[in-house]
Structures are given as C-alpha cells and as structure tokens.
Amino acid sequence: MENDIFLRSLDLFKEAFPGRINQILKSKEEGKKIIGTLCLYVPDEIIYASGADRVILCGGKSAPIPAAEEYLPRNICPLIKSSFGSVIDQKCSKTKSCPHFGLVDLIIAEATCDGKKKMYELLNQYIPTHVMDLPQKPENQNALEYYIKELESLNDVLEKLTGNKITDVKLRNEIKSANETRKLLRALYELRKRDSPPIRGTEMLKVLQQMHFLSPDKFRKNLVLLLDELKVKKRENSGPRIMISGCPMASGNTKVPEIIENQGGLIVVEESCTGTRAFWDLVDENKEPMRAIAERYLKIPCACMYPNDRRIDQIIELARDFNVDGVVYYTLQFCHGYNVEKYRVAEALKKSGIPLLSIETDYSGADNEQIKTRVDAFLEMLE
Amino acid sequence: MISIGIDAGAATTKAVVLHENEIAGYAIIPTGFDFRKAGEAAYREVLSKSGMDETKVGKILATGYGRSIIGFADKTISEITAHARGVGYLIPAAHTIIDIGGQDSKVIITENGKVVDFLMNDRCAAGTGKFLEYTAKALEISLDELGMLAQVSKNPAKISSMCTVFAESEVISLRAQKTKKEDIAAGLIESIILRTTAMVKKLRIKPEVAFVGGVAKNPGVVKAFEKALDTEMQLPEEPQITGALGAALLI
Ligand code: SF4
Ligand code: SF4
C-alpha cells in the first residue's frame, strides 16, 4: 500500500540540481577545480579538503551507451559503458542532464573491477585521469599501510592541481561534516526499520542518487529537512519487506526498484553503493585523519575484494535488523564480481531461511515484463 | 457459478472453465499478435466447448505473460503461482515443476501447493520451445518428427551453441558434414535438456517431478529428461493448461 502524503523535502533534492550546475559553473570561473569520481573507495574528504569540488560520474542512463560501444566491447557492464559514453559523446556530455556537464578537470579513478580499470585508460585520452590503486585483499596485514600510501599520493596530486595545501585541520573539518551526513542517513534508515516505514525505497534511492551531484552542504541540509518532515507527517507504507543487495544504481537507473514497488513490494533497505555501502561506517574523529579515513574506506564491502565474507555477514545482519521478508539480489549484466558472489550470498540466505530472487539486467527496458513476472511470483510467494 | 482461468502465454492462450471444482472444459489457441483478442477468443471458445452459459460466469482470473492486457479479468496472478496451484490440483504428489513453454522455461519448487522457490530463464530462446521450433526448421522437419527421430539416434551430435541463432547455423554445418538427421535431432534435445537440468539442479529436486508446458507433449524430450534427471516425470493429461487451471482455482 502506498500513502499519498506529499513530502515537500523530497522535491528539494531534485530542485537543487539545476542550481548546483550553476554553482559549479560559477565556482569554476572563479578558479575552483572540479573532480570526477566513479567509486566509493575514493574519499570525498580529501577532495573537499583540497578546496576542489566533486561530482560522481557513474552513468545510469542508456542513452550514452551506443556511443561507448564504438570503443568498448558490448559485453561489459552498462554502468561502465554509460559512464564512458557520457564523457565521450559530444551530444550528451555538454547537456545538463549528464553527470559530467563537460566541466571536470580531473578524474580520480580507482583499481576495482577489470572493466572499469581498462576503461580508465581510454578515458584518460579525454579527461586527465589519476588511477588510485587499492589493496585487493583488504584484510591483509599491510593492506592498510598500502592504502594510506595511495591516499598520500592522491593528496599530492590534488595539492598540485589546486595549489592548495591539504592540512590536518581541513581534513578534520571534512571528516566531521561527512560523518554528520552519514549519521543523518543512518537516522533515515532507522525509520525504515519500523513496521510501517514512512519512506519507500524508490524515494530513498532518488535521495541517495542526489548525493552524487549536490554539494555536501546542500545535501545535508535537505536531509535534515526530510527527517523533520518525516517526523511530523504520518506516512505509512506496507507490503512484503524487500532488501535489495548488489550492484550500484547510478542516477537514471531506477528500473528494478520501481518494478518491485509498483507490483506491491516495499523496499526497506539497500545493501548497495547507492545504499548502505555509501554511508554505513563513520570515520573515527579521534585518530590521525589520513589513517582514520583509510580505515573507514577499506571497510567498504565491495565484491571486487577478496575475501569478502564481511559483505555476506552484513547482508544477513541487515536482513535481520530490517526484518526483511525477502532479498532481491540485483546485478548488472557482465558484472562478474557481484554475479559470482551471488552464489555465496544465496547459500548464506538459504541457511538463514530468507527467500531470494536474483535479477541480472541492464539499462534497457527490454526485459521489464519478464522482471515483472518474477517479481510478482516472488511477492506472491512471500505473502 | 463457474470460474474461468486464462493463461495469456506468448505463443498460446489457454482457458479453463471450472465448475464445482471440476474442469468443465478447456481451450488452447495460438496467441498471435494481440493478447487481448486471443484472450477473448479463448474465453468464447471455452464457454462453447464446455456448454456453459455466459451468465453463469463468476470470476475470471488472468495469468501469463500478457495477463495485464486481459482487461475483462477480475484479477491477475503470476504464472509461477498459477502453475504451482494447477499442478498441485492434478498431481498432488509433485513438488518440483518443470515448465517449458514457447518463450521461457521455469523450475518451481512447491510445498503444500505453495511456491517456495523458483528459477526462470526468460531472457533468450535457449532452453525453450522456440529453440526446438527454430532448429527443427533448420532440419526441415516438424517438432513431432524431431522428437520421434531423436529416439532412434545411437550417437547424438554435440550441439555446443546455447543460442538459438547460433544453434541454427550449427545444425546447418552438421548437415553439411553429413551427420545423420536423427543424431542432430537428439543433439538438439540434449542441449535444451542440459540447459534446464542445470536450473533444476540449482534448486535441487524434490520428488515427484511434474513436467508441463507445450514441450512436455514431445515424447522424445520427456524420455531424454527422465534419463538426464534419473527420475520419472509425471505428466498431466493436457500439460498445457496447468497455468489456466491454477488461475481458475485461485479465484
Ligand atoms: S560497487 Fe565497488 S567498484 Fe562499484 S562503486 Fe561500489 S565500491 Fe566502487
Ligand atoms: S557494477 Fe560491477 S562491472 Fe560494473 S563497474 Fe561496478 S564492479 Fe564493475
């Protein structure tokens, strides 16, 4: 059941977007550098502490894909193709609906999955791209030290680009405000644990997608308004409680959550980079800032890492805490990491008696009807 | 009062009339382009076949790929739930249902007539009725002939392409190499079985196994399946109507 009580603050996120583009245009004229990123392992705190601004370039739309396929093989993940396409496609990259806006000075990329890594080599021909390495076995003894070294080089790259010094004071300030945002998001998710959550998954997803574009201050302000509004408005939602787990859903991609909620399900939590992985852990404010940042970010349970039991444990924990009836395991086509990890997640869920539906798809609407049938059957099974 | 279940499948539309919890009649017609028209035609046909009067119709429930387009239905339900119910009615001992239709194939595990798990292959024609239909064409034989021929093969050809389009060209090159027709036919059936048994094994069989959908009418496929799964298959008298029947029962 859907409630129809209007949430003014949800619109604020969307409305802030055009203003944000103008703000970036203006600050760029004033000499501010604009950084593009494509992964959660690149710490925002360091970028903002350098005085630069940042936008996340992950593509969730299908429009730029044909342009990208002139360079990239068809059988790689649509997120990679869409992101690359929005940079190289002239028609697209200059439009204001594109995450790139044609304004990015430097891309801070990362060595996660192979498709992305190799795409960055091509991307570098269009926009200067710095690729950070990541320890692929984050639980290794020296992984943390190695990651800190990579963050220190990132520090140097950013200082050189912006001409600003990244001081500990600045870093601490950024950590503090980023933690504030994380706490607000945790508070929002806390509301979703209720028997009748005041906010739906499709609404939450659009909020999290705006995290990619809005300035941290604006985003945080809007979160406060949203929380306030949810406190006073009596909104109730019902339906089988679903957790989404898997690949990120970049801006423009709302396909599967929309089907789930249109067919009567209610998404109560997302184990995803447009979900818990984006904000779950805090950076320790009492430690030396660079080390504290490194510790927090290395905890992100991405399927590119080995081993990744921590992700499986977290899925089970979230499923319990949010009292979910079933899990929809969402993967993008050709995303090997999340597709292979599905097997172990499925085993763990089975052991815990939690039903699972897995959906592997892309950005096209070609399989909408088939997905609807599966979702219907899954929801009927849960009822 | 009678209730009617309509299964608006991609290839065929099925309708079942239920009167006092017994099947009073059924109809199977090709869907063609328009789900809605096919649904109406199946509805009229099933009424006349069962000799029932339209005024007696209580509720109508639609299932299948085109279920949302059947505007005159009172409610819709997914074909997975519908098949589970229909098979549960006809073969109460069945706990694993394999359904191979024209456009998709699915494996459903049930407990007390309720779905507890399922897998579906619906993104491509591989492992569905369409696969056999197209490849039979490349052999220039009918579907029935394909099933019969396959049974006499002693040395099934290896068809490595799962994709229907590639399998078609593979058949043509096998023909060019003078591979026997029956061996190609058996190879084709083996390939669709391989695909489906992989799905069944993922979910683990719970006896008994029921086989429904259009492809279940092909004895060659049934035999090969029984061999691959090492278990006997339970077949309803009319394997194509379990979805529509389930819908009628779920009203
Ligand atoms: S899924 Fe992994 S690679 Fe992708 S954004 Fe998240 S952390 Fe980065
Ligand atoms: S979704 Fe998977 S394949 Fe795509 S960029 Fe992320 S990790 Fe790589």
Side-chain angles (χ1 to χ4, degrees), chain A residues 74-75 78 239-240 242 255-256 258-260 262-265 325-335 339-340 342-383, chain B residues 7-10 31 35 61-70 75-86 88 97 99 101-125 127-128 163 198-199 201-204 243 246-247 249-250:
Chain A
R74 296 177 64 115
N75 56 347
I242 303 294
K255 171 170 152 175
V256 170
E258 256 162 28
I259 294 179
I260 294 173
N262 280 341
Q263 303 304 105
D325 297 313
V327 173
V328 172
Y329 195 90
Y330 170 84
T331 52
L332 290 169
Q333 255 173 19
F334 311 115
C335 171
N339 273 318
V340 175
K342 171 163 62 193
Y343 188 84
R344 295 198 57 215
V345 173
E347 273 186 332
L349 287 171
K350 195 161 209 169
K351 234 198 232 151
S352 306
I354 304 163
L356 164 82
L357 171 71
S358 77
I359 295 179
E360 181 183 353
T361 186
D362 59 12
Y363 291 172
S364 77
D367 56 354
N368 281 5
E369 291 304 315
Q370 282 96 331
I371 295 178
K372 254 185 224 162
T373 296
R374 292 181 192 209
V375 167
D376 275 350
F378 190 58
L379 297 175
E380 285 159 10
M381 182 178 119
L382 298 180
E383 260 160 17
Chain B
D7 179 357
T31 298
F35 281 113
L61 205 142
T63 184
Y65 195 66
R67 64 191 177 284
S68 55
I69 308 170
I70 308 296
K75 222 182 113 187
T76 63
I77 192 119
S78 78
E79 53 261 46
I80 292 159
T81 308
H83 277 298
R85 185 71 185 83
I97 302 167
D99 167 37
Q103 294 289 350
D104 61 29
S105 49
K106 32 190 169 301
V107 177
I108 308 165
I109 308 289
T110 63
E111 242 170 60
N112 309 322
K114 289 203 75 184
V115 181
V116 289
D117 209 350
F118 66 92
L119 273 180
M120 215 169 157
N121 158 42
D122 53 18
R123 273 235 84 167
C124 71
T128 74
C163 168
M199 271 205 307
K201 284 187 178 146
K202 252 192 199 158
L203 291 184
R204 295 192 190 108
L249 285 163
L250 281 160

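Nothing here was measured: the structure is a model prediction, and the numbers come from that model. Computed from heavy atoms alone, side chains included, the values below leave out hydrogens, waters and symmetry copies. In what follows, every chain begins at residue 1, and chains take the letters A, B, ... in the order their sequences are listed.
When side chains are defined from C-beta on, Ile80(B) does not count as touching Glu380(A), because their heavy atoms never get closer than 4.5 Å. Within the 4.5 Å cutoff, the side chain of Phe378(A) has no heavy atoms near those of the Val115(B) side chain.
Heavy-atom minimum distance, Arg374(A) versus Met120(B): NH2-O, 3.1 Å. Smallest separation of non-hydrogen atoms from Met381(A) and Asp117(B): SD-N, 3.9 Å. When every heavy atom of Thr373(A) is checked against every heavy atom of Ser78(B), the shortest pair comes out as O-CB, 3.9 Å.
Glu383(A) CD to Lys114(B) NZ: the interatomic distance, rounded to the nearest 0.5 Å, is 8.5 Å. Interatomic distance, NZ of Lys350(A) versus CZ of Arg204(B), reported as 5.0 Å (0.5 Å rounding).
Leu379(A) does not touch chain B: none of its heavy atoms, backbone or side chain, sits under 4.5 Å away. Within the 4.5 angstrom heavy-atom criterion, atoms from both the backbone and the side chain of Ile77(B) approach chain A.
Crowding of Asn75(A) atom CG: a count of heavy atoms from other residues, nucleotides or ligands under 6.0 Å exceeding 12.
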